[in-house]
Structure formats: structure tokens, C-alpha cells
Amino acid sequence: MNPLLKIMISLLFLATWTLVPACAQSPGGTLAKIRDSGQITLGHRDVSVPFSYLDDNQKPVGFAMDLCGGIVEAVKAELTLPSLQTRLQPIQLSTQIPLIENGTIDIVCGPATNTLERQKVVAFSDTIFVSSIRAVVRKDSPIRTFEDLGGRAVSLTSGSTSIGLLAARGQEKNFQTRNILAPDHAASFLALTTGRSEAFIMDDILLASLIAGSANPSDWRIIDDSLRTEPYGLIIRKGDPEFKALVDRTLTTMMKTGEFDALYAKWFMRPIPPRSVNLNFPMTAPLKDAVASPNDKGV
């Protein structure tokens, strides 16, 4: 046989042999990463009550953490890995997407607005919550609408959708604010409570949780005006339909069996750690619709 032909046949055989394991790999994507490493990494927040925050033992707890706990159990069953290890990775609003993209974490267990812009780089689970972007001010403040914030100092959390929404409203209604950016919601609220700003703009449920946990909750008021209604989803990697299907299937099961409602009541309608504060935040009509008809629509 021609030596060149022999080399070509050998290379073809080698290429075919090396492709077999790759083609036979199942599952792929995030599930393969989890299977190969023997661990799943959850990104958690420190101060996003009641979704993802630290209790008095510095343990991450919350509504989103419990939902992710159900997803971890589903992954164990899918991969037949009952001993799968769970690794917890602290994240901030500004780092959650980069850490998903570079593979440091496998899912964001915290409040994350599902936007069309973010969908260009990451994927979202079906909706787990629906919020409105509003502002908290002092109870005796004259501020009633966002237009009243013109010329005033305003707290905003870096990386939040509130920044762009406020800018758009300001451009539309011809007013400007003096923005004070902070790395997390606790720091943003602190700027308000210490008088460095006159309002903190964020999702209403997060504002409600900060007020409930403050020294004097009666000192604060959330304005009725809203910049936008926003759906929350758990962030996962883009282009990984297998993992997304498992996540959505798990959430849908929770919603259909009543487990989702029970977890909601646990975190939004009852005293929660570490100070046994009750947010008393009933499920809204938009969230009830999202639970009845699960979807991952963004805004």
C-alpha cells in the first residue's frame, strides 16, 4: 500500500476513534461540567433579603436559595450523583453575569431581572418573581414621583437596571438627578439613611425588605410611582438548552405541586431570620399569572 495512503487511513481512523467519546457524552454543557467536577457551584448574594442573604450564622438563605436547593436535588437525580457537592460562591449584582460567563458559577441564586439586553449574553429560568422599580424616601419627604427627584441626590446600586430606567425617565420628563452609586443594596440604603441621598431606587420587594430590617421601619415610605414592572429569573449560561430544561422543569413541578407557594409564604409572609421580621408581601397578580403559566419572557 502507498505509504501516504496508509498515513491518511491511520489519521482518519484516529479522528473517528477520538470523536466517539465526544459524541457519546451525555449530558453536555453545564451538566457535563458538574458531572466531571463532582460539584455544582451556586452564586449567592449577601444582602438581597428575602431572596439570597446571610443569616446570623453567615449561611446563605432565602427564597432563591431554596429554589436552587430543589434544582440541586434534580441535578443529583439526573446525573445519578447522590453525593454531588454544593459549592457556594458570593457574588454581587455587577459580578453575577461575568461569573456565569467564565464558568465560575453554574447558576445565580438571587434576584435578577430578566431583560432582553441581558439575554444577549446569558439565559434565564422561568419567572420566579415579578417586581416594580420604585423609590424609598423618608416618610415626611415631599417626593411623590420620580420627577420630584430632579436635582436631588439619589442612591443606586451598581449594575442594576434602575440606573438606565431612571436616566430614560429623566430624559423623557426633562430632569436630572445626582446619582450616588454603591456596590450593593445595603450600601445604597445606608446612603439614604445617613442623609447622603434623598431616595434609593430599586425593586419594591428589596426596598420593603430593607425597610423591614431597619432600626425604625416607620421612618420610611415607598412611593407609588413605578419606572417598570420586571420579571426575575435564575441566571444560567446561554446556549445550554439541556440545563435550562432541567431548571425550568424543576421550577414548573414546584409551581404545579404547591411547593413554590409554600416557599413563597415561608419567605414573604412569615417571620424570617435573623431578626424574625415579617415582610408581609402577598403574591401579586403578575406573579400569580407567571406561576399559572410558567414562562421566561424578558423586558
Side-chain angles (χ1 to χ4, degrees), residues 45-58 61-64 93 110-111 113 129-158 160-163 165-166 169 175 177-230 232 263-287:
R45 305 277 281 279
D46 291 348
V47 293
S48 293
V49 180
F51 296 93
S52 179
Y53 66 102
L54 301 179
D55 64 11
D56 49 4
N57 294 316
Q58 298 301 295
V61 296
F63 180 60
L93 188 61
T113 302
F129 191 81
V130 180
S131 71
S132 291
I133 305 300
R134 295 157 71 186
V136 58
V137 298
R138 287 195 174 275
K139 187 176 182 179
D140 58 358
S141 170
I143 298 168
R144 301 288 172 180
T145 69
F146 284 98
E147 286 78 356
D148 295 334
L149 293 173
R152 301 177 187 268
V154 175
S155 298
L156 295 159
T157 303
S158 297
S160 69
T161 57
S162 306
I163 300 172
L165 293 173
L166 178 62
R169 176 68 71 89
F175 71 91
T177 57
R178 292 186 289 111
N179 296 344
I180 298 176
L181 298 181
D184 56 47
H185 305 323
S188 292
F189 189 57
L190 181 63
L192 172 65
T193 59
T194 54
R196 289 184 291 126
S197 72
E198 295 188 58
F200 170 32
I201 300 173
M202 184 44 62
D203 308 29
D204 54 1
I205 180 57
L206 298 179
L207 296 180
S209 69
L210 288 166
I211 292 171
S214 67
N216 298 294
S218 60
D219 289 350
W220 310 102
R221 168 175 57 84
I222 298 177
I223 68 173
D224 292 332
D225 197 7
S226 172
L227 291 177
R228 184 170 69 179
T229 297
E230 298 190 338
Y232 288 0
L263 289 176
Y264 186 94
K266 171 185 174 182
W267 292 103
F268 294 87
M269 300 298 296
R270 296 174 188 155
I272 59 176
R275 296 174 56 190
S276 295
V277 172
N278 188 341
L279 300 181
N280 194 25
F281 200 92
M283 193 177 292
T284 61
L287 180 55

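We're numbering straight along the sequence, starting at 1.
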With rounding to the nearest 0.5 Å, note down the distance linking CD1 in I133 to CZ in F146. 8.0 Å
Does the R196 side chain pair with the main chain of S155, one donor and one acceptor, at a distance under 3.5 Å? no
Using 30° and 60° as the class boundaries, would you call the ring planes of F129 and Y232 parallel, tilted or perpendicular? tilted
For the pair S52 (side chain) and S48 (backbone), establish whether a donor and an acceptor sit closer than 3.5 Å, ignoring hydrogens and angles. no
Rounded to the nearest 0.5 Å, what's the gap from CG on L279 to CG on L210? Could you check? 10.0 Å
Is the ring pair F281/F268 parallel, tilted or perpendicular, if the boundaries are 30 and 60 degrees? tilted
Which distance, rounded to the nearest 0.5 Å, do you find between the CG of N278 and the CG of N280? 5.5 Å
Could you tell me whether the side chain of L166 reaches within less than 4.5 Å of the side chain of N179, counting heavy atoms only? yes
So do R152 and V137 actually touch side chain to side chain, heavy atoms under 4.5 Å? no
Find out whether D219 and T193 are in side-chain contact, i.e. whether some heavy atom of one side chain is under 4.5 Å from a heavy atom of the other. no
Is there a donor-acceptor pair under 3.5 Å between the side chain of R221 and the backbone N or O of S141? yes
When rounded to the nearest 0.5 angstrom, what is the spacing between OG1 in T157 and CG in D184? 7.0 Å
Side-chain contact test, heavy atoms from C-beta onward, threshold under 4.5 Å: evaluate it for K266 versus F63 and give yes or no. no
Nearest atoms (heavy-atom pairs only) where A199 meets L149: CB-CD2, 3.6 Å
Which pair of non-hydrogen atoms, one from I205 and one from P50, has the smallest distance, and what is that distance? CG1-CD, 4.2 Å
Atom CG of D56: over 12 foreign heavy atoms under 6.0 Å: yes
The single option from D203, D225, D204 that satisfies salt bridge (Lys or Arg N to Asp or Glu O under 4.0 Å) with R134 is D204
Could you go step by step and tell me if R169 and E147 meet the side-chain contact (heavy atoms from CB on, under 4.5 Å) rule? CA-CA 8 Å; R169 176 68 71 89; E147 286 78 356; 3.7 Å; yes
State, to 0.1 Å, how close L206 and V49 come at their nearest heavy-atom pair, and which atoms those are. CD2-O, 3.5 Å
May I ask you to check whether N216 and S218 show a side-chain donor-acceptor distance below 3.5 Å? no
Please test L227 against T161 for side-chain contact (heavy atoms from CB on, under 4.5 Å), starting from the C-alpha separation and ending with a verdict. CA-CA 10 Å; L227 291 177; T161 57; over 6 Å; no
Does the side chain of L192 reach to within under 4.5 Å of the side chain of S197, using non-hydrogen atoms? yes
pair I272-V61: side-chain heavy atoms closer than 4.5 Å: no
Could you go step by step and tell me if F200 and H185 meet the side-chain contact (heavy atoms from CB on, under 4.5 Å) rule? CA-CA 9 Å; F200 170 32; H185 305 323; 4.2 Å; yes
Report yes if the side chains of Y53 and R45 come closer than 4.5 Å at any heavy-atom pair, otherwise no. no
What residues, two or more places apart in sequence or in another chain, satisfy side chain to side chain contact (heavy atoms under 4.5 Å, CB included) together with K139? none
Give a yes or no answer on whether the side chain of Y264 reaches the backbone of P282 with a donor-acceptor pair at less than 3.5 Å. yes
